[in-house]
There are 2 protein chains.
Amino acid sequence: MDKKYDALKLENQLCFPLYAAAREVVKRYHPYLDELDITYTQYITMMVMWEEKEITVKALGEKLFLDSGTMTPVLKSLEAKGYVTRKRSTTDERSVSVFLTDSGEALKEKAVDIPAKVAGCVGLDGEEALQLYRLLYKVLNTEK
Amino acid sequence: MDKKYDALKLENQLCFPLYAAAREVVKRYHPYLDELDITYTQYITMMVMWEEKEITVKALGEKLFLDSGTMTPVLKSLEAKGYVTRKRSTTDERSVSVFLTDSGEALKEKAVDIPAKVAGCVGLDGEEALQLYRLLYKVLNTEK
DNA sequence: CTCAATTTAATTGAGTTCAACTAATTATAG
DNA sequence: CTATAATTAGTTGAACTCAATTAAATTGAG
């Protein structure tokens with residue numbers, strides 16, 4: 001009958017399984033990303049680069065929900081691996097543009113099987129996965 | 001028609017919104033946790049302590065899906081703040097037990113309003129929140 | 001019993017994340 | 001034009017996360 005503290009129980013949290021599931025699923029990528037010698041953050045950054053070819057640091061950060069404190073070291077690391085180059089814009093010298101290199105483009109070929117390999121690890125059927133997808137984007141979009 | 005690389009598009013990922021939403025929601029706790037001078041990881045650790053009063057580091061890590069490399073510094077920090085104590089078990093000296101202090105118990109009173117304050121930030125109604133909860137635990141439990 | 005395997009915490013190192021701050025550049029109000 | 005505000009990357013410092021390793025203690029096979 002003493003329900004005063006029920007809201008503080010771990011099992012009653014929505015945030016906690018979100019936080020835990022995110023870490024668990026990212027871990028599933030590790031063995032496959034290790035083969036490419038990139039991390040998960042580098043992987044999602046490359047996903048954007050494969051689609052955009054060229055993009056500013058700011059736009060990249062907005063797509064990934066990450067700020068420059070995170071993006072800068074990730075981009076420096078990808079640049080060191082030869083997958084992207086960075087160049088300060090000539091039209092607006094405050095902004096820096098990131099460019100996909102040929103080597104970065106070639107990496108896509110080695111990554112193409114990763115989504116299928118990881119898909120099975122989530123443990124949801126197609127309908128459930130779609131539901132989860134929609135709910136997560138609803139959370140992401142109502143945040144602000 | 002060239003769908004070969006569609007699976008590598010950010011918008012087709014399930015993992016990415018999971019990862020991004022988790023970080024966004026954890027951020028929502030920040031202003032409230034700042035008032036208690038604890039971090040999110042320390043907060044969920046205290047949630048377990050408020051329920052258990054005493055628990056081993058291993059059991060704590062299993063509940064939170066975190067390993068000793070994460071738990072040890074979190075517990076040392078909570079110990080420094082006076083909310084828990086740590087003592088190596090006398091019956092099995094490999095294991096360390098964590099104990100809730102009176103000060104830690106008192107902190108519960110200051111935290112009791114946090115879940116309600118944060119609940120509104122998720123942007124889901126009751127039914128959606130329950131769906132998301134179930135799907136996340138399904139992911140968590142099928143992992144292994 | 002004895003020694004190899006297992007269990008448990010802790011440590012280390014690399015990478016991530018974010019808040020706060022800085023420096024440089026650009027935009028804008030007056 | 002000029003001073004102020006806003007924008008953009010980058011840096012710094014604190015905390016988190018995890019893989020890999022270490023050290024100590026316990027368990028179990030023979």
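If you're wondering where the values come from, they're calculated on a predicted model, not measured in any experiment. Letters A, B, ... mirror the listed sequences (proteins, then strands); counts begin at 1.
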**OP:** Give a yes-or-no answer on whether the side chains of B:T91 and B:S89 include a donor-acceptor pair shorter than 3.5 Å.
**Re:** yes

Original post:
Does any donor atom in the side chain of B:E109 or A:Y5 lie under 3.5 Å from an acceptor atom in the other side chain?
Top reply: yes

Is there a side-chain polar atom (N or O) of [X] under 4.0 Å from OP1 or OP2 of [N]?
X	N	result
B:T39	D:dC16	yes
A:K58	D:dA9	no
B:Y40	D:dA15	no
A:R23	D:dC18	yes

Original post:
Should A:F99 and A:K53 count as side-chain neighbours, where that means a heavy-atom distance under 4.5 Å?
Top reply: no

**OP:** Find out whether B:T70 and B:L64 are in side-chain contact, i.e. whether some heavy atom of one side chain is under 4.5 Å from a heavy atom of the other.
**Re:** no

**OP:** Report the residue (A:P73 or B:A59) whose heavy-atom-nearest nucleotide on DNA chain C is the more 5′ of the two.
**Re:** B:A59

Subject >> Non-neighbouring partners of B:A119 that pass side-chain contact (heavy atoms from CB on, under 4.5 Å), sequence neighbours left out >> reply: none

Subject >> For D:dA6, the Watson-Crick or wobble partner whose two distances fall under 3.5 Å >> reply: C:dT25

**OP:** Please list, in 5' to 3' order, the outermost nucleotides of DNA chain C lying under 4.0 Å from any heavy atom of chain B.
**Re:** C:dT7 to C:dA19

Measure [atom1]/[X] against [atom2]/[N] and give the value in whole Å, please.
X	N	atom1	atom2	result
A:R28	D:dC18	CZ	P	12 Å
A:Y29	D:dC18	OH	C1'	18 Å
B:I44	D:dT17	CD1	C1'	12 Å
B:L75	D:dC16	CG	C1'	13 Å
A:K87	D:dG10	NZ	P	14 Å
A:K76	D:dT12	NZ	C1'	12 Å

Original post:
With sugar-phosphate meaning primed atoms plus P, OP1 and OP2, does A:T56 contact a base, only sugar-phosphate, or nothing at under 4.0 Å between heavy atoms?
Top reply: sugar-phosphate

**OP:** Answer with base, sugar-phosphate or nothing: what part of the nucleic acid does B:T41 contact at a heavy-atom distance below 4.0 Å?
**Re:** sugar-phosphate

Original post:
Which parts of residues 90-100 of chain B get close to DNA chain C, meaning a heavy atom less than 4.0 angstrom away?
Top reply: B:R94, B:S95, B:V96

Original post:
What orientation do A:W50 and A:Y43 show, parallel under 30°, tilted 30 to 60°, or perpendicular over 60°?
Top reply: perpendicular

Quick check against the 3.5 Å criterion: does [X] have a side-chain atom that pairs as donor or acceptor with the backbone of [Y]?
X	Y	answer
A:S77	A:P73	no
B:N12	B:D6	yes
B:E79	B:K76	no

